[in-house]
There are 2 protein chains.
Amino acid sequence: MDRRQRKTREAIFAAFTALLSQKEFAHITVGEIIDRADVGRATFYAHFETKEFLLKELCEELFCHIFDAAHGEACDHRHIFSCEAPDSVFLHLVQHLQRNDNHVLELLSCQSNDLFLRYFKTDLIKLVNTQLPLFAARKSDELPEAFWVDHIASVFVDTIRWWLDNGRRESPETITAYFLAAV
Amino acid sequence: MDRRQRKTREAIFAAFTALLSQKEFAHITVGEIIDRADVGRATFYAHFETKEFLLKELCEELFCHIFDAAHGEACDHRHIFSCEAPDSVFLHLVQHLQRNDNHVLELLSCQSNDLFLRYFKTDLIKLVNTQLPLFAARKSDELPEAFWVDHIASVFVDTIRWWLDNGRRESPETITAYFLAAV
DNA sequence: ACGTTACCGAATATACTGTTCCATAGCGAA
DNA sequence: TTCGCTATGGAACAGTATATTCGGTAACGT
């Protein structure tokens, strides 16, 4: 990829991320993004069709790192049948979210749009599918598998949102415990 | 209230509701609303400050009916210590949602915005607060009350959304059972 | 050093918002 | 019915945002 393209793309991502931590997605304009990124208007549209596509690509990039790490973790556990606490995948996920510098948390809060949440949940469902045995004891037989998986992912997102809306006072360990106790 | 005002208001509500069942809130313009409602631009802004306020007032009107009925039910149960299934409040809520002609279901689906969902959940939390004993057995002691109430409301909304996203194939009784089994 | 390509920046068409104006028709009350 | 009041219509308006177009320029990879 051309160095100019890469630099432009990164500048736009950086500007967009910074703006996202200040105001909600809906109120961010292309004008603001290109001002802060210091690129031309035409350049922006050469890279991204719309604001929404920009958000989508940003999500893909962010979640790629987060969930790849979590998935790797999940695979490790299955391979070596580790004796560690099997819920550590979700704990690591929360820890990753908290220490994260990419403003993912701001994006997950309800001040942002629900597009972001939908992308997040889509990836989360894949992760949950690898962790189903963890929740087998809690599952009532009458519940369809599809509902159950969606439910677990939903509760995780809801728990994170509750955490954020209430000032993130709890530690990642506590929040993970809440999640596992609630699901 | 002036008959003209009332008619205008109803025309705008009707047009807005019809549009909401066709496209998502964000893409609806004031121009479309006043075209369909057949009112002047100035008239719209005499009634509603913005599109968002229109949505808010519509929600208040819709939820007022739905939750008042549910609350009445809840009160009845407490007063007469009925022997009926104590989960009937939520069953009635789901039934009300299903038979509802006001397009509430379309609005609750993820195609709509999350403003609507937030308003819904706010009212739902009030209802859940009157029904806490129902869920007392499921609550782990380590969970804070505030988290628990929010969790129950979240699971209800998530269940309804799953129902809608999957084509509303299940009966209200089944969905209520799923909700109670999942929470 | 070369041809290619991304970029700038300025201009442009289009669309939506929210406000203002006055004339008019409908309203409630005497 | 009559009268004063007010909601409405219709149109114009400024302000803002989107998305596209263009030719000149500078940076790129080979």
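So you know, we letter chains A, B, ... as the sequences are listed, proteins then strands, and number each from 1.
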Rounded interatomic separation in angstrom, taking CD from B:Q5 and C1' from D:dC5
12 Å

In whole angstroms, how far is the C1' atom of D:dC28 from the CZ atom of A:R6?
12 Å

Could you say whether A:A42 or A:T29 is positioned toward the 5' end of DNA chain D, judged by the nucleotide with the nearest heavy atom to each?
A:T29

With a cut-off of less than 4.0 Å, is there a side-chain N or O of B:T8 near OP1 or OP2 of D:dT8?
yes

Distance in angstrom units between A:E10 CD and C:dA6 C1', rounded:
16 Å

Smallest heavy-atom separation, A:A26 atom then A:K51 atom, equals O-NZ, 3.6 Å

Atom NE2 of B:H47 and atom C1' of C:dG18 are separated, to the nearest Å, by 16 Å

Spacing of A:L19 atom CG relative to D:dA17 atom P, expressed in whole Å
13 Å

Taking the six-membered ring for Trp, are A:H151 and A:F147 parallel (under 30°), tilted (30 to 60°) or perpendicular (over 60°)?
parallel

Look at the side-chain N and O atoms of A:T43 and state whether any lies under 4.0 Å from the OP1 or OP2 oxygen of C:dC8.
yes

Nearest-angstrom distance from the residue atom NZ of A:K51 to P of D:dT18
6 Å

Would you please confirm or rule out a distance under 4.0 Å between OP1 or OP2 of C:dC16 and any side-chain N or O of B:H27?
no

For the side chain of B:D2, starting at C-beta, report the closest nucleotide among C:dA6, D:dA7, D:dT18.
D:dA7

Taking atom P of C:dA6 as reference, at what distance in whole Å does atom CE of A:M1 sit?
9 Å

Take atom CZ of B:R4 and atom C1' of C:dG26, then tell me their distance rounded to the nearest Å.
5 Å

By nearest nucleotide on DNA chain C, pick out whichever of A:G40 and B:K7 is the more 5' one.
A:G40

For A:F156, run the ring-ring contact (aromatic ring centres under 6.0 Å, His included) check against A:W163, A:F179, A:W162 and tell me which one passes.
A:F179

For the student: nearest non-hydrogen atoms of B:H65 and B:H96, plus distance:
O-CE1, 4.5 Å

Where the side chain of B:R3 is defined as all heavy atoms beyond and including C-beta, which of C:dC27, D:dA19, C:dC7 is the nearest nucleotide?
C:dC27

Under 4.0 Å between a side-chain N or O of B:Y45 and OP1 or OP2 of C:dT19?
no

Under 4.0 Å between a side-chain nitrogen and a carboxylate oxygen: does that hold for B:D158 and B:R161?
no

